Amino acid sequence: MQTRYSFGGDEHIFVEVDEEMSLEAFFKSLSMTTAVREANIAGVTEICPANASFQIKFDPDVIAPQELMDRLKGFEAAAEAAEKTIATRIIEIPVLYDDPWTRETLMRFRERHQDPDSTDLEYAARVNNYPDVASFIEAHAASPWFVSMVGFVAGLPFTYQLVERDKQIEVPKYLRPRTDTPRLTIGHGGCFGCIYSVRGAGGYQMFGVTPMPIYDPTGKISYLKELMIFRPGDILKFRAIEREEYDATVAAIEAGTFVPKIVPVPFSLDAFTADPAGTNAKLLEALNG
């Protein structure tokens, strides 16, 4: 697909890099938004990256819309030639899979689900050809996940599983959205995973919860002084835990003693494309020391 540029009203330009969600599209979008940020263009007030697109907000009294459009198009060739390597972080996320809170919630909304007689985990395991829920959970937690976008609600990461395309977990969203989703639910819809940063409506399948807050508008949680933890380009690694560790982690967070496991790492798209398993092994080695 040729990159599509369009105006969104008087103050926005929307750039669609690709119709297909992919790491290649994300890296091109990232390169272009980075170039815009570094160019420090007068009149640009906000840069909003997404999975395979981005939007620029600008002040038309400072820069003419067509002038900004032309400048954005000028960044595209450089983005295509840019090195596809970033300095990022891998962050461990403890998860209580098949927890009592998401289970209670999903049971209240079975009439909105494709299979009212199954839990979300049972349904996801079956449609992805896993023999049981335990093996599905093992696959979900085994590989890292790439944060391609943060948004929808504050702090919510959209994540893309770092495995070969034919091995990716894919599950359709609910037939109709729920009016309730527990805070910190680990969700999945299509090929994307997410962590619900706040309680609210949602349509993703629910697999579990993390005890680790990812957004704090008060700034009181010790590791969330910047209000939210994730940024595009981060890499997540889920780790299955039992209820005892969940409760202990909640207590540590309330006491201000919990420290997330975060390790700086490089990530190369070319290296991952050439050897997904080898790249993931290096990421996990860095995380686990």
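Predicted model, so just to flag it, every value in this text is computed and none were measured.
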Verify side chain to side chain contact (heavy atoms under 4.5 Å, CB included) between Asn280 and Phe272, making sure each step is shown before the conclusion. CA-CA 8 Å; Asn280 287 347; Phe272 173 77; 4.0 Å; yes
Check this for me: [X], atom [atom1], are more than 12 non-hydrogen atoms of other residues, nucleotides or ligands nearer than 6.0 Å?
X	atom1	result
Glu111	CD	yes
Glu138	CD	no
Lys282	NZ	no
Glu285	CD	no
Phe14	CZ	yes
Lys220	NZ	no
Arg199	CZ	no

So if I apply the ring-ring contact (aromatic ring centres under 6.0 Å, His included) rule between His188 and each of Tyr204, Trp145, Phe136, which one comes out positive? Trp145
Is it the case that the side chain of [X] and the backbone of [Y] share a donor-acceptor pair, with hydrogens and angles ignored and the cut-off at 3.5 Å?
X	Y	answer
Tyr160	Asn51	no
Thr181	Gly200	yes
Thr33	Ser29	yes
Arg112	Pro177	yes
Gln205	Pro172	yes
Ser197	Ala154	yes
Thr45	Lys57	yes
Tyr223	Pro213	yes

Is there a side chain to side chain donor-acceptor pair (under 3.5 Å) between Gln161 and His140? Walk through the geometry before answering. CA-CA 9 Å; Gln161 192 179 24; His140 186 270; over 6 Å; no
Would you say the side chain of Arg89 lies within less than 4.5 Å of the side chain of Val147, judging by non-hydrogen atoms? no
Going by atom types alone, do Thr273 and Asp270 pair a side-chain donor with an acceptor below 3.5 Å? no
Check the side chains of His12 and Glu46 for a donor-acceptor pair under 3.5 angstrom, ignoring hydrogens and angles. no
For residues Phe238 and Tyr97, establish whether the separation of their ring centroids is below 6.0 Å. no
Less than 6.0 Å separating the ring centroids of Tyr196 and Trp101? no
Salt-bridge test for [X] and [Y]: reply yes if a basic N is under 4.0 Å from a carboxylate O, no otherwise.
X	Y	value
Asp98	Arg243	no
Asp115	Arg126	yes
Glu104	Arg108	yes

Would a single hydrophobic cluster contain both [Y] and [X], if residues Ile, Leu, Val, Met, Phe, Trp and Tyr are joined by side-chain heavy-atom contacts under 4.5 Å?
X	Y	answer
Ile253	Val198	yes
Val95	Ile241	no
Met149	Phe192	yes
Leu72	Val44	yes

Result for side chain to side chain donor-acceptor pair (under 3.5 Å) between Tyr5 and one of Glu16, Lys73, Glu76 points to Glu76
Criterion side chain to side chain contact (heavy atoms under 4.5 Å, CB included) on Met206 and Arg178, from CA distance to verdict: CA-CA 11 Å; Met206 297 183 289; Arg178 301 176 303 274; 3.7 Å; yes
On the 0 to 90° scale, with breaks at 30° and 60°, tag the Tyr174-His113 ring pair as parallel, tilted or perpendicular. perpendicular
Please step through side chain to side chain contact (heavy atoms under 4.5 Å, CB included) for the pair Met212 and Ile229, ending with a clear verdict. CA-CA 10 Å; Met212 179 179 148; Ile229 193 169; 3.6 Å; yes
CA sep, side-chain torsions, deciding dist, call: Phe7, Ile13, side chain to side chain contact (heavy atoms under 4.5 Å, CB included): CA-CA 5 Å; Phe7 290 108; Ile13 293 177; 3.8 Å; yes
